[in-house]
Amino acid sequence: MATETAVQTFKNLINGEWVETASGETFATRNPACVTDIIGKFQASNEADVVQAMESAERAFHFWRNVAPTKRAEILYKAADLLEAGLEQYAEELTREEGKTLASSRLEVKRSAQTLRYYASEGLNVTGDTIPSDDPTTLVYTRKEPLGVISVITPWNFPISIPARKIAPALVTGNTVVFKPASDTPLIAYRLVEVLHQAGLPAGVINFVTGSSSKTGVSLVTHPAVKAVTFTGSTGAGEKINRSVRLSTRVQLELGGKNPLIVMDDVNIDHSVELAIKGGFELTGQACTGTSRVIVMDSVHDEFVDKLIEKTKLLTIGNGLSKGIEVGPLANESQLHNVLNYVSIGKEEGAELAIGGERITEGEYSEGYFVRPAVFVGVTPKMRIAQEEIFGPVISVIRASSFEEAMEIANDVEFGLSAAICTSDSNRIQQFIQNIETGMVKVNRPTTGNAYNAPFGGVKMSSTATYRESGRAAIDFYTQIKTVYHGF
Ligand code: NAP
């Protein structure tokens with residue numbers, strides 16, 4: 001555990017130099033499992049620092065766009081190797097600053113290295129089209145070109161894998177980046193930038209600024225150099241950013257979810273309970289694709305609920321660094337208040353709190369943001385706990401008497417990120433896939449989890465209705481098409 005005097009100070013990266021803010025101010029971050037454990041001090045940047053980062057990225061774009069794609073790929077491969085070489089250290093740091101279990105952190109760091117490699121390779125496949133020309137003396141073709149400076153703004157819940165899946169495709173396609181991570185998790189973000197820097201990324205190609213969005217947000221979104229903003233975070237912040245950007249700035253917003261799992265009556269109940277637990281409580285429910293509603297057929301409802309409560313009781317809660325822990329703390333104090341507030345709202349609305357929902361403060365839990373995973377039963381579709389994103393370990397169980405009713409309930413929310421069904425009925429599965437209003441559909445799988453090489457994103461209020469993140473589809477966001485008519 002770091003004492004106040006041993007705490008390391010981490011700097012911004014601007015124009016290839018690790019620098020302090022102009023104001024000299026810093027802020028400290030703390031371990032959510034033990035708030036007396038200080039993780040580090042980071043630069044409390046303001047708009048002036050962001051402007052410097054933007055200018056640096058703008059200058060670097062002029063040469064980086066012309067660097068050979070193979071050279072860009074080599075740097076990403078090297079950064080991936082460095083990330084994997086430090087996997088144990090980085091995973092521990094991630095757990096200390098975010099709270100998730102060490103196993104989850106290891107997976108996330110590893111996945112980030114895989115993402116860098118994936119895009120290193122994809123960067124060599126960015127091609128245009130040749131188009132049949134009516135004029136035999138003119139060659140018509142398209143080129144995919146980089147946009148310029150990309151502003152990357154990311155949340156704390158996947159504090160390295162989300163930045164990796166935005167920064168890697170931006171860089172391989174010849175863009176330069178200004179990256180601001182969530183203020184709760186700047187250390188693992190710093191590590192990602194550090195490995196890219198060590199791998200040989202030229203000065204100014206990636207710029208890193210930490211600090212509160214209230215002091216940096218305007219320039220990150222509206223500076224004239226910014227050609228695209230890629231943001232993952234809350235729907236409220238996303239809407240604000242969407243209103244602020246310039247007309248010529250491209251925007252990609254990955255926002256909240258209220259993801260349902262439908263449990264049909266032909267299932268193995270134990271399996272459906274496992275899917276609910278994994279989707280709802282892994283990562284302490286702090287996943288945008290987390291299962292927050294389980295819609296269960298009447299005929300299996302009671303058995304499902306009994307088993308869900310039994311399994312929930314057995315979950316081991318604690319510091320993610322300790323062995324055998326399944327549920328870590330919430331990531332910060334405001335998350336703690338938010339979750340406890342929704343538990344009160346659920347009770348006031350008349351739902352029955354079947355288990356959990358209380359803060360745990362005794363003994364080893366006394367210094368952390370621990371809440372016992374909660375299951376509400378008797379939830380009706382219009383209750384706030386069935387409509388609003390809670391972003392914590394709270395599952396609302398809703399009864400349905402038919403597949404059609406379950407579908408209606410599943411779609412009756414403003415979000416549309418991920419949805420799952422548990423059944424072996426292939427007709428139902430096809431109807432579900434066709435009619436569910438989400439960007440990601442899971443069959444006999446939890447609502448959480450996605451492949452780094454497949455598109456990711458939602459519909460309705462969960463994402464902008466433009467570009468997909470992740471996989472090959474992500475390249476479209478970071479490139480623009482130029483059409484060439486070459487007469488000869
Ligand atoms: P958040 O409060 O919206 O913050 C996300 C990031 O945006 C942080 O870096 C934050 O900086 C910055 N930010 C906030 N307001 C801004 C503004 N007006 N201008 C510029 N930057 C701004 O979200 P969070 O609490 O970190 O993350 C939880 C949310 O993310 C949940 O709603 C979850 O569903 C969503 N999420 C979505 C996905 C997805 O792919 N759909 C994935 C993960 C998480 P500060 O930290 O300095 O405030």
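Read the numbers this way: they start at 1 and go in the same order the structure lists the ligands and their atoms.
- The protein atom (non-hydrogen) at minimum distance from atom 40 (O) of ligand 1 is Phe456 CE2, 3.0 Å.
- Nearest-heavy-atom check against atom 42 (C) of ligand 1 across Ser462, Cys288, Ala331 picks out Cys288.
- A side-chain donor from one of Thr291 and Thr447 sits under 3.5 Å from a side-chain acceptor of the other.
- If you number the atoms of ligand 1 from 1 as listed, the ones under 4.0 Å from a heavy atom of Glu254 come out as 37 (C), 39 (C), 40 (O), 41 (N).
- Between Thr235 and ligand 1, no pair of N/O atoms sits closer than 3.5 Å.
- Atoms of ligand 1 found under 4.0 Å from any heavy atom of Ser212, numbered from 1 in the order shown, are 47 (O).
- Of all protein heavy atoms, the one lying nearest to atom 25 (O) of ligand 1 is Trp156 NE1, 3.0 Å.
- Close approach of ligand 1 to Gly217 (heavy-atom distance below 4.0 Å) involves ligand atoms 19 (N), 20 (C).
- Distance from atom 46 (O) of ligand 1 to its nearest protein heavy atom, with residue and atom name: Ser183 N, 2.9 Å.
- Counting only distance, with no hydrogens or angles, the side chain of Asn259 and the backbone of Ser292 share no donor-acceptor pair below 3.5 Å.
- Distance from atom 12 (C) of ligand 1 to its nearest protein heavy atom, with residue and atom name: Ile153 CG2, 3.5 Å.
- Closest to atom 5 (C) of ligand 1 by heavy atom, among Val218, Asn157, Val229, Thr232, is Thr232.
- Regarding atom 9 (O) of ligand 1, its nearest protein heavy-atom neighbour is Thr154 O, 2.8 Å.
- Residue Ala237 holds the heavy atom nearest to atom 15 (N) of ligand 1 of all those in Gly439, Ala237, Gly290.
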Please evaluate residues Glu93 and Arg96 with respect to the criterion side-chain contact (heavy atoms from CB on, under 4.5 Å), reporting the C-alpha separation (whole Å), side-chain torsions for both, the decisive distance (0.1 Å), and the verdict. CA-CA 5 Å; Glu93 288 177 344; Arg96 253 182 88 211; 5.5 Å; no
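- Judged by distance alone, with hydrogens and angles left aside, the side-chain atoms of Arg293 form a donor-acceptor pair with the main-chain N or O of Lys258 at under 3.5 Å.
- Under the 30°/60° scheme for interplanar angles, the aromatic rings of Phe208 and Phe179 are found to be tilted.
- When non-hydrogen atoms are compared, ligand 1 lies under 4.0 Å from neither the backbone nor the side chain of Ser214.
- The closest heavy-atom contact to atom 20 (C) of ligand 1, among the options Thr216, Ile162, Ile241, comes from Ile241.
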Kindly determine whether Glu88 and Arg106 satisfy salt bridge (charged side-chain N to carboxylate O under 4.0 Å, His left out), including the steps that lead there. CA-CA 7 Å; Glu88 280 308 309; Arg106 282 196 191 103; 2.8 Å; yes
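- The nearest heavy-atom contact from the protein to atom 7 (O) of ligand 1 is Phe231 CE1, 3.1 Å.
- Counting the atoms of ligand 1 from 1 in the order shown, those under 4.0 Å from a heavy atom of Leu417 are 41 (N).
- Neither the backbone nor the side chain of Thr289 has any atom closer than 4.0 Å to an atom of ligand 1 (non-hydrogen atoms only).
- With 3.5 Å as the limit, one finds no donor-acceptor pair spanning the side chains of Thr185 and Glu98.
- Tyr342 contributes no side-chain N or O that, together with a main-chain N or O of Gly392, makes up a donor-acceptor pair within less than 3.5 Å.
- Under a 4.0 Å criterion applied to the non-hydrogen atoms of Pro181, ligand 1 contributes the atoms 9 (O).
- Of all atoms in ligand 1, numbered sequentially from 1 with element shown, those under 4.0 Å from a heavy atom of Gly211 are 47 (O).
- Judged purely by atom type and a 3.5 angstrom limit, Thr21 has no side-chain atom pairing as donor or acceptor with the backbone of Gln43.
- Proximity annotation for atom 28 (C) of ligand 1: of Phe391, Phe179, Phe158, Phe391 comes nearest, heavy atoms only.
- For the ligand labelled ligand 1, residue Arg165 lies inside the 4.0 Å heavy-atom shell.
- Within ligand 1, counting atoms from 1 as listed, the ones closer than 4.0 Å to a heavy atom of Glu389 are 31 (C), 32 (O), 33 (C), 34 (O).
- Nearest protein neighbour of atom 41 (N) of ligand 1, counting heavy atoms only, is Leu255 O, 2.7 Å.
- Between the Thr29 side chain and the Asp184 main chain, no donor and acceptor come within less than 3.5 Å of each other.
- Open room surrounds NZ on Lys311; 12 or fewer heavy atoms of other groups in view lie less than 6.0 Å from it.
- Within the 3.5 Å criterion, the main-chain N or O of Val413 finds a donor-acceptor partner in the side chain of Lys460.
- Annotation: cation-pi geometry not satisfied between Lys166 and Tyr478 (NZ/CZ under 6.0 angstrom from ring centroid, within 45° of ring axis).
- For the residue pair Glu326 and Thr316, a side-chain donor N or O sits within less than 3.5 Å of a side-chain acceptor on the partner.
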I'd like to know whether Ser45 forms a side-chain hydrogen bond (donor to acceptor under 3.5 Å, both in side chains) with Asn12, so could you lay out the CA-CA distance, the side-chain angles of the two residues, the decisive distance to 0.1 Å, and finally the verdict. CA-CA 8 Å; Ser45 311; Asn12 287 341; 2.9 Å; yes
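- The residue among Gly233, Ser213, Ser234, Pro163 with a heavy atom at the shortest distance from atom 3 (O) of ligand 1 is Ser234.
- Atom 27 (O) of ligand 1 has its closest protein heavy atom at Pro155 CB, 3.4 Å.
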